[in-house]
Amino acid sequence: MSRVYNFSAGPSAFPESVLKQAKDDMLEWRESGMSVMEMSHRGKFFSTIAEELESDLRELLAIPANYKVMFLQGGASAQFSFIPQNILNGKTKACYVNTGAWSEKAIQDAKAYCEVVVSASSEASKFTQIPSLANWNIDSDAAYLHYTSNETIHGVEFQSIPDAKGLTLVSDMSSNILSRNLDVSQFGLIYAGTQKNMGPAGVTVVIVRDDLIGHAAKGVPPVFDYAQQVKNGSMLNTPATYNWYLVGLVLKWLKAQGGVAAIEQHNIKKAAKLYDVFDQSSLYSNPVEKSVRSRMNVPFILSDEALDKPFLAAAEGQGLMELKGHRSVGGMRASIYNAMPESGIDTLCEFIKEFERTH
Ligand SMILES: *Cc1c(COP(=O)(O)O)cnc(C)c1O
């Protein structure tokens with residue numbers, strides 16, 4: 001067996017030690033006599049897994065006591081609809097910042113429930129920038145301001161928390177949660193699918209401030225009513241038990257790495273190595289404005305499109321997988337989440353330079 005370096009945007013690479021732990025636990029978890037997959041979600045063994053999952057996440061992100069944490073299904077995409085349905089609370093407008101493909105989807109879905117005020121957009125720059133905060137149109141009658149902290153497809157990342165001018169701040173952090181320090185208290189609600197930086201697909205983490213819970217619109221399905229899920233510990237229905245366990249293992253791995261502050265330093269170093277190679281090259285370029293480049297998703301283009309296919313084929317030949325860019329933007333993309341080791345970055349950088357030398 002030889003494992004590759006997997007640069008997939010999601011589902012994405014796991015820490016190898018987590019996979020080994022899952023293998024060791026497969027037939028029997030901690031002297032329970034059974035696999036996690038076989039456990040009742042209401043039994044004592046799984047209760048331990050659920051409790052550790054939440055407490056480890058709370059510890060890693062220093063989540064204040066007045067926030068609830070849910071582990072739901074339906075992906076971040078379901079939250080595009082369930083956020084307005086849960087937190088509009090009688091208001092008819094919500095503000096959205098449009099910085100790329102995922103913002104656009106969130107905006108599109110919210111329109112079914114409210115009037116969307118697009119506070120700012122970087123569409124004119126083909127989503128290679130973040131609109132300057134000075135010009136944002138924030139409507140004080142809106143229920144909240146939504147933004148995507150890291151645009152997974154366009155490779156644009158907010159480097160600080162925007163000022164919501166008094167509105168409740170909501171953020172889709174699917175592709176950069178746990179990759180950098182975060183002051184949760186600045187937000188009303190944070191959500192993230194787990195398949196980028198926290199584990200396998202199938203779980204969506206929602207962190208929500210107490211006062212936003214309990215205002216679901218009429219007709220919201222009970223499993224997507226925050227109040228009901230909070231009251232039931234995200235077990236109103238059977239949760240994705242094995243996925244919760246895997247996310248829990250990833251969180252324990254992250255704690256062992258020194259937590260979020262330590263992994264952030266590691267991520268800064270990894271991303272800088274890769275961007276440096278592009279900046280010094282005449283074959284490759286990264287289209288994003290330097291100050292907002294993502295540390296997680298690094299898109300790059302080859303100046304000669306005819307080289308795309310040979311590039312990908314040669315990369316795969318060396319065990320460097322999933323470097324093809326998203327179909328909507330083309331080019332290449334290397335997703336380098338927490339679990340991508342520095343050796344993967346080094347191998348990729350060497351390959352990229354060598355390909356330029358020989359082409
Ligand atoms: C992947 C992704 C999503 C969609 O996640 P699903 O789990 O497929 O619904 C939403 N937002 C961002 C920023 C993403 O990276």
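Basis for what follows: all heavy atoms, side chains included, without hydrogens, waters or symmetry-related copies. Remember, it's 1-based here, ligands and their atoms both numbered in the order they're listed.
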Pull out every atom of ligand 1 sitting under 4.0 Å from any heavy atom of Thr152, numbered as shown with elements. 12 (C), 13 (C), 14 (C), 15 (O)
Contacting atoms of ligand 1, where contact means under 4.0 angstrom from a heavy atom of Lys196: 1 (C), 2 (C), 3 (C), 14 (C), 15 (O)
Closer than 4.0 Å to some heavy atom of Asn150 - which atoms of ligand 1 meet that? 13 (C)
Which option wins on minimum heavy-atom distance to atom 13 (C) of ligand 1: Asp172, Asn197, Ile177? Asp172
Close-contact set for ligand 1 against Ser77 heavy atoms, below 4.0 Å: 4 (C), 6 (P), 9 (O)
Under 3.5 Å, is there a donor-acceptor pair between the side chain of Asp210 and the main chain of Lys68? no
Nitrogen or oxygen atoms of Ala76 and ligand 1 under 3.5 Å apart: yes
Do other residues, nucleotides or ligands put more than 12 heavy atoms under 6.0 Å from Lys20 NZ? no
Does Ser174 have a non-hydrogen atom less than 4.0 Å from ligand 1? yes
Do any N or O atoms from the side chain of Ser12 and from the backbone of Ala9 form a donor-acceptor pair under 3.5 angstrom? no
Between Met173 and ligand 1, find which residue part has any heavy-atom pair under 4.0 Å and reply side chain, backbone, both or neither. neither
If you count the atoms of ligand 1 from 1 in the order shown, which ones are under 4.0 Å from a heavy atom of Gln195? 5 (O), 6 (P), 7 (O), 8 (O)
Residue part near ligand 1, for Thr204, under 4.0 Å between non-hydrogen atoms: neither
Is atom NZ of Lys105 surrounded by more than 12 heavy atoms (other residues, nucleotides or ligands) closer than 6.0 Å? no
If you draw the axis of the six-membered ring of Trp29, does the NZ or CZ of Lys44 fall within 45° of it and under 6.0 Å from the ring centre? no
Are any side-chain N or O atoms of Thr148 and backbone N or O atoms of Asn150, one a donor and one an acceptor, separated by less than 3.5 Å? no
Filter on ring-ring contact (aromatic ring centres under 6.0 Å, His included), then keep only pairs touching residues 162-206, sequence neighbours left out; what's left? His146-Tyr191
